[in-house]
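Computation of the quantities below employed the complete heavy-atom set of this structure, encompassing side-chain atoms and omitting hydrogens, waters and symmetry-equivalent molecules. Just so it is clear, the model here is predicted, and its values are computed rather than measured.
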Amino acid sequence: MTPIYHAPQADFNGWQGLAPREEICPRFSYLSSASPTGNEVLIIEADFREGLDGWWAKTFPVTGGTHYRFEVSYRAQNVAAPRRSVVVKIDWFDVQGKAVPEDLATCEGYLCDSVAMAETEHPQAQSTDAEGWTEVSHTYRAPSGATQAVVELHLQWSPDSKVEWSQASLVETAPPPKRIVRLATVHFQPHGGKTPQGNCELYAPLIAEAARQNTDLVVLGETLTLYGLDKTYADVAEPIPGDSTRYFGMLARQYRIHIVAGLVERAGHLLYNVAVLIDPSGEIVGKYRKVCLPRTEVQGGMAPGSEYPVFETAFGKVGMMICYDGFFPEVALELARNGAEVIAWPVWGCNPLLASARACENHVYIVSSTYEDVSRNWMLSAIYNHEGKPVALATDWGTVAVAEVDLNAPTRWVCLGDFKAHMHRHRPLSPEEKPSSP
């Protein structure tokens with residue numbers, strides 16, 4: 001077991017001040033009643049040196065198989081990247097203080113000779129109040145073999161900084177509700193439409209079929225008003241809102257379904273390849289302008305977008321990307337960083353391995369709708385899960401594929417646990433997060 005340094009005189013109400021080694025130990029202190037509610041405040045302060053790492057730790061008794069709600073608040077000073085430096089960890093142990101097996105399902109087909117153990121939990125920050133206190137919370141099910149949970153409240157790798165922790169609790173609660181969503185993609189080439197409006201109308205039976213299967217969201221193709229018409233981008237460009245969004249809005253309202261449609265937008269003198277999200281009332285929720293443009297779109301006079309919006313819907317948070325965006329990890333990463341749980345992807349064609357990568361590396365559901373035949377192995381019309389696997393696939397033209405997913409269910413891996421919770425803590429610092437040189 002890795003040795004732990006116990007800071008002298010850093011004990012308070014069951015909490016202990018700890019560090020990996022004495023030479024990188026920060027300073028610990030506490031106040032008995034200085035938080036907004038009068039609770040104790042646990043303080044960690046780092047001096048000007050790089051790499052200091054310390055935490056307050058406390059053991060809570062638990063009953064295996066029971067759900068617990070964890071909550072704590074913190075207030076940080078001079079911390080450049082709180083997601084990496086102000087960290088909460090929860091570990092599960094048995095009565096002897098040993099790690100316990102994971103008894104929830106883990107991803108199959110990886111580390112096949114390993115026994116899945118319950119891994120560290122990383123609850124995430126939720127909101128910050130006017131006084132600068134940030135709530136960190138989540139609900140967990142204690143593994144069946146667990147009798148105790150060790151909670152750690154960290155300050156790490158942040159010179160000349162301070163964090164105050166308050167109101168830490170781990171209490172029994174009811175299991176969280178499921179959040180079931182039905183996602184759909186269409187596998188369709190709009191031949192014979194003759195006009196942009198005609199192409200839109202060809203999708204009506206497919207949207208009706210998606211609605212018949214009680215789907216919440218259906219994703220259509222890229223630049224669908226252009227496909228097969230022998231026209232230029234400028235020929236089919238339209239304002240958003242415009243004729244096409246009004247038509248799809250009518251279908252969304254008729255069938256009570258969310259629709260993502262790929263169109264060509266005219267905004268003044270500029271043209272954009274866009275994906276538009278329409279809600280079941282027929283209103284436009286938002287649009288995404290394609291950021292990564294292939295040479296043909298550049299030559300055709302298209303302009304790139306520059307933002308990664310994520311939109312709140314009745315079932316969850318939706319982001320969008322378009323075709324060539326999938327070749328670059330930054331687009332899906334930015335959408336995931338902005339909270340996307342589902343990424344809708346109208347895509348003319350792309351390496352299907354990249355679809356799997358974008359879904360797996362960000363732990364998001366990706367819904368792709370392509371014009372490529374399955375036999376060409378150059379993109380699929382599919383719903384990809386957090387493992388990067390297609391859980392629903394449309395193989396025949398003019399068909400709809402539907403997958404039912406639970407947005408509240410974490411995907412657990414052997415040796416990684418709920419990796420989506422870890423990613424936020426462990427991914428590299430972005431340039432804007434890096435502290436200035438002393």
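- Salt bridge Arg179/Glu341: present, at least one basic N to carboxylate O contact under 4.0 Å.
- Lys58 places a side-chain N or O within 3.5 Å of a backbone atom of Asn13 that can act as its donor or acceptor partner.
- At a threshold of 4.0 Å, the pair Lys89-Glu121 does not count as salt-bridged, since none of the basic side-chain nitrogens sits closer than that to a carboxylate oxygen.
- For Asp373 and Trp397, the side-chain atoms include at least one donor-acceptor pair closer than 3.5 Å.
- Salt bridge present: Asp47 and Arg49 bring a charged side-chain N and a carboxylate O closer than 4.0 Å.
- Using cut-offs of 30° and 60° on the angle between ring planes, the pair Tyr324 and Phe328 is perpendicular.
- The aromatic ring centroids of Trp15 and Tyr30 lie 6.0 Å or more from each other.
- Heavy atoms from other residues, nucleotides or ligands lying under 6.0 Å from CG of Asn377 number 12 at most.
- Between the side chains of Ser161 and Ser158, at least one donor N or O lies within less than 3.5 Å of an accepting N or O.
- Using a 4.0 Å cut-off between charged nitrogen and carboxylate oxygen, Arg83 and Glu433 count as a salt-bridge pair.
- A centroid separation of 6.0 Å or more is found between the aromatic rings of Tyr371 and His187.
- Taking the six-membered ring wherever Trp is involved, the centroid distance between the rings of His122 and His426 falls below 6.0 Å.
- Using a 4.0 Å cut-off between charged nitrogen and carboxylate oxygen, Arg412 and Glu102 count as a salt-bridge pair.
- Ring-centre distance between Trp413 and Tyr110: below the 6.0 Å cut-off.
- Looking only at atom types and distance, the side chain of Arg141 has no donor-acceptor partner in the side chain of Thr66 under 3.5 Å away.
- Within the 4.5 Å cutoff, no side-chain heavy atoms of Trp56 are placed close to those of Asp11.
- Tyr5 does not carry Arg21 over the face of its six-membered ring by the limits of under 6.0 Å from the centre and within 45° of the normal.
- Looking only at distances, a side-chain donor or acceptor of Asn385 sits under 3.5 Å from a matching main-chain atom of Glu387.
- At a threshold of 4.0 Å, the pair Glu265-Arg289 counts as salt-bridged, since one of the basic side-chain nitrogens sits closer than that to a carboxylate oxygen.
- Using modelled atom types, one finds no donor on one side chain facing an acceptor on the other under 3.5 Å when comparing Glu283 with Ser281.
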